[in-house]
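We're numbering straight along the sequence, starting at 1. Quick caveat, the model's predicted, so the values are computed rather than measured.
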Amino acid sequence: MSAVPDGKKLVRSPSGLRMVPENGAFNSPFTLDEPQWVPDKECPRCMQCDTKFDFITRKHHCRRCGRCFCDKCCSQKVALPRMCFVDPVRQCAECSLISQKEVEFYDKQLKVLTAGGTFVVKVGSSEKSETMVCRLSNNHRYLFLDGNSHFEVELSRISSMQVLTEGSTPGGGTLRASGMVLQYKPPGSLDLQQLNMDTADDKRIASAWLAAMHKAAKLLYESKDQ
């Protein structure tokens, strides 16, 4: 099913215009649901500066957290790709900082992940290894591993992810991502399978891919905890 193109549709919500998959089952695992807005009757004052709302001081809802603010405390319009908004939307100062960091992930790290990196891969307890290219699918829902064989890991079935590093010294030096250990449940199985990946060939590209995957993991866990 992962090879089937995912259709998109435009939907309008109180927060703005969104481009979402026609089938909700194909949502990106990085996606966040729109928050419930705090009802107007429950927020007579700005939830940041405590200014009282009136005919002159209007209330605005942050599109990311759903809380009420005055215009001064909720004036920035920032892109919010995790909620699939087509245009930048109004956000409070705290949320806008978070969203700006996520925009960098969507603009840079996702491109690295979908381009892929080359790794030496071991599955389970097997001592046999295979050199494979690992990349994130375009719908962000799978890791594709291709070598002499091919298999896929659905991100939603990953239970733990550890990025391994090397190059740290007490006197300085920089850490470099050198591998990754995944634990996941294959389709139709309740048992965890372990996947070991070590950088191969162009270690610079593979290390950049692992660093991007580390950032992706943080967003994945946020989405699961929502």
Engineer: Identify the two heavy atoms, one from Lys185 and one from Leu190, that lie closest to each other, and give their separation to 0.1 Å.
Structural biologist: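 Answer, listing the atom of Lys185 first, then Leu190: CE-O, 3.6 Å.
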Engineer: Rounded to the nearest 0.5 Å, how far does NZ of Lys215 lie from NZ of Lys101?
Structural biologist: 10.5 Å
Engineer: Would Met19 end up clustered with Leu17 when hydrophobic side chains under 4.5 Å apart are linked, directly or stepwise?
Structural biologist: yes
Engineer: Taking Glu102 first and then Arg64, would you say they form a salt bridge - that is, a charged N and a carboxylate O separated by under 4.0 Å?
Structural biologist: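 Salt bridge present between Glu102 and Arg64.
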Engineer: To the closest 0.5 Å, what do you measure between CD (Gln162) and OG1 (Thr165)?
Structural biologist: 9.0 Å
Engineer: For the backbone of Ala93 and the side chain of Ser96, can you confirm whether one donor and one acceptor N or O come within less than 3.5 Å of each other?
Structural biologist: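 Yes; judged by distance alone, with no hydrogens or angles, the pair exists.
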Engineer: Do any N or O atoms from the side chain of Gln91 and from the backbone of Ser99 form a donor-acceptor pair under 3.5 angstrom?
Structural biologist: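 The answer is no, because no donor-acceptor pair under 3.5 Å joins these two groups.
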Engineer: Are Glu154 and Arg141 ion-paired here, with the side-chain N under 4.0 Å from a carboxylate O?
Structural biologist: yes
Engineer: Working to the nearest 0.5 Å, report the span between CG of Asn27 and CG of Leu32.
Structural biologist: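 Rounded to the nearest 0.5 Å, the CG-CG separation comes out at 11.0 Å.
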Engineer: Please determine whether residues Leu143 and Val123 belong to a single hydrophobic cluster, defined as Ile, Leu, Val, Met, Phe, Trp and Tyr linked transitively by side-chain heavy-atom distances below 4.5 Å.
Structural biologist: yes
Engineer: For the side chain to side chain contact (heavy atoms under 4.5 Å, CB included) test, which of Val181, Val121, Val120, Val163 pairs with Met197?
Structural biologist: Val121
Engineer: For the CG atom of Leu10 and the CZ atom of Arg18, what is their distance to the nearest 0.5 Å?
Structural biologist: 11.0 Å
Engineer: Give a yes or no answer on whether the side chain of Lys59 reaches the backbone of Cys43 with a donor-acceptor pair at less than 3.5 Å.
Structural biologist: yes
Engineer: Checking the side chain of Arg58 only, and the main-chain atoms of Ile56 only, is there a donor and an acceptor separated by less than 3.5 Å?
Structural biologist: no
Engineer: Should the pair His140 and Tyr106 be assigned to parallel (<30°), tilted (30 to 60°) or perpendicular (>60°) ring geometry?
Structural biologist: perpendicular
